[in-house]
Amino acid sequence: DSSHSGYTTNRPSSADKGEPLRVFNLGSKIVDGKVVHKLELNENNLKKILLHPEVKDRPVAIVSVAGALRKGKSFLLGFLLKYLQAHERPTGGDWLTDDDVIDGFEWRGGRHRVTTGILIWSKPFIRVNKYGEKVAVLLMDTQGAFDSTMTVKDCASIFALSNLICSVQVYNIMQQIQENDLQHLELFAEYGRMVTEMSEHPNAKQSRLIFLIRDWAYPSDYQYGEMGGNAYLREIMQSEESQHQELKRLRRNITSCFPNFDGFLLPYPGKAVALQQSNCVLVKEMDFNFIKYIKDFMPYVMAKDKLVPKTIDNKDVIGKDMLEFVKVLVDAMQN
Ligand code: GDP
Ligand code: MG
């Protein structure tokens, strides 16, 4: 009995740990015999997150992982979550140990259908930025199905929205950057530009973009991690005289939409993860090299100088303003 000491020592319940909440969904209905996609906001869930007492009056920095389905986004978010949770524990210690299991954002193998949309972890993480200010960091999962049932154009609204509200966008790509990955990105950025112009918030600061390449297979060309990633990206993004006009135009446009972009190359995680032989894979069953670079990636994404709050007209956006901003964007998208 601890009541005599004046405070209780209850362990946090699972509700305190947080959970992923769906804030957007891309619904579809049939109009005149055609499938029409419609962006659906779950305002209650968004309010739970942005009007949370630790968030509503505090600058917000959203870290998003976006990309096609079944490319390991939720799995990666599980590591981000562990990293942030460990930094909230006063005891310190390793954030990742051999016997850890990666969970949180649900990740699974197989090919069953998952809806397109945006999920945000319900609990904020309070981090101090390089100016000593406390910032509420939120983790966001943005997924779309780049397949025949839902074209990239149909889910452009989801990705555009995610780009507009986040501070850091991790663009998750398998194996290597292909021309259509860049074309998709351009489509999302242009859609976003159109929406902000309609919403009269043209001065929202663009997110920092990180191209994260999974299962990188050419470490002798470009080494895993940040340096190799940046060198690889420079090669992909450079315009050469000999290049086709369209390729040059695409690269120029992306560079102007995202003044800040970097690359990061991750190794293959090993069979235990890729083939998902069991439902709960331990860290020690994953490839050693993968874990090594995962451990480099987390502080790289969450670095004080990189994790800056969203700004509009050079003013930090606090939780309750973010809620209004999102609603304005959604209205503009419905038109
Ligand atoms: P999401 O749909 O992008 O969120 O993908 P998930 O995180 O749910 O993972 C989908 C599948 O990919 C799971 O079966 C994972 O075991 C597997 N997976 C996760 N990360 C990687 C990776 O880096 N490389 C490979 N090859 N597979 C991965
Ligand atoms: Mg997922």
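Note that the structure is a prediction, hence the values are computed from the model and not measured. For ligands, and for the atoms within them, numbers begin at 1 and follow the listed sequence.
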Original post:
Based purely on interatomic distance, does G72 place a nitrogen or oxygen under 3.5 Å from a nitrogen or oxygen of ligand 1?
Top reply: yes
Original post:
What atoms of ligand 1 come within less than 4.0 Å of a heavy atom belonging to P269?
Top reply: 21 (C), 22 (C), 23 (O), 24 (N), 25 (C)
Original post:
Is S74 close to ligand 1, meaning an N/O of one under 3.5 Å from an N/O of the other?
Top reply: yes
Original post:
Is V273 in polar range of ligand 1, meaning some N or O pair under 3.5 Å apart?
Top reply: yes
Original post:
Taking F261 as the fixed residue, which of I210, L233, L185, N230 is the one that meets the side chain to side chain contact (heavy atoms under 4.5 Å, CB included) rule?
Top reply: L233
Original post:
Going by the atom numbers of ligand 1, which of them fall below 4.0 Å from some non-hydrogen atom of F75?
Top reply: 7 (O), 19 (C), 20 (N)
Subject >> Numbered atoms and elements of ligand 1 in range of A68, under 4.0 angstrom, heavy atoms >> reply: 3 (O)
Subject >> Note: K48-E19 ion pair, threshold 4.0 Å (strictly below) >> reply: no
Original post:
Under 30°, 30 to 60°, or over 60°: which ring-plane class applies to W95 and F79, parallel, tilted or perpendicular?
Top reply: perpendicular
**OP:** Taking atom types as modelled, find out whether N172 and R214 have a side-chain donor-acceptor pair closer than 3.5 angstrom.
**Re:** yes
Original post:
For ligand 1, which atoms have a heavy atom of R214 less than 4.0 angstrom away?
Top reply: 20 (N), 21 (C), 22 (C), 23 (O)
Original post:
For ligand 1, which atoms have a heavy atom of Q143 less than 4.0 angstrom away?
Top reply: 2 (O), 4 (O)
Subject >> N42 (side chain) donor-acceptor with N45 (main chain) under 3.5 angstrom >> reply: yes
Original post:
What atoms of ligand 1 come within less than 4.0 Å of a heavy atom belonging to K71?
Top reply: 1 (P), 3 (O), 5 (O)
**OP:** Look at the aromatic rings of H184 and F188 and report parallel, tilted or perpendicular, splitting at 30° and 60°.
**Re:** tilted
Subject >> For D215, the ligand 1 atoms whose distance to one of its heavy atoms is below 4.0 Å >> reply: 22 (C), 23 (O), 24 (N), 25 (C), 26 (N)
Subject >> Check against side chain to side chain contact (heavy atoms under 4.5 Å, CB included), N129 and R127 >> reply: CA-CA 6 Å; N129 71 7; R127 310 265 296 172; over 6 Å; no
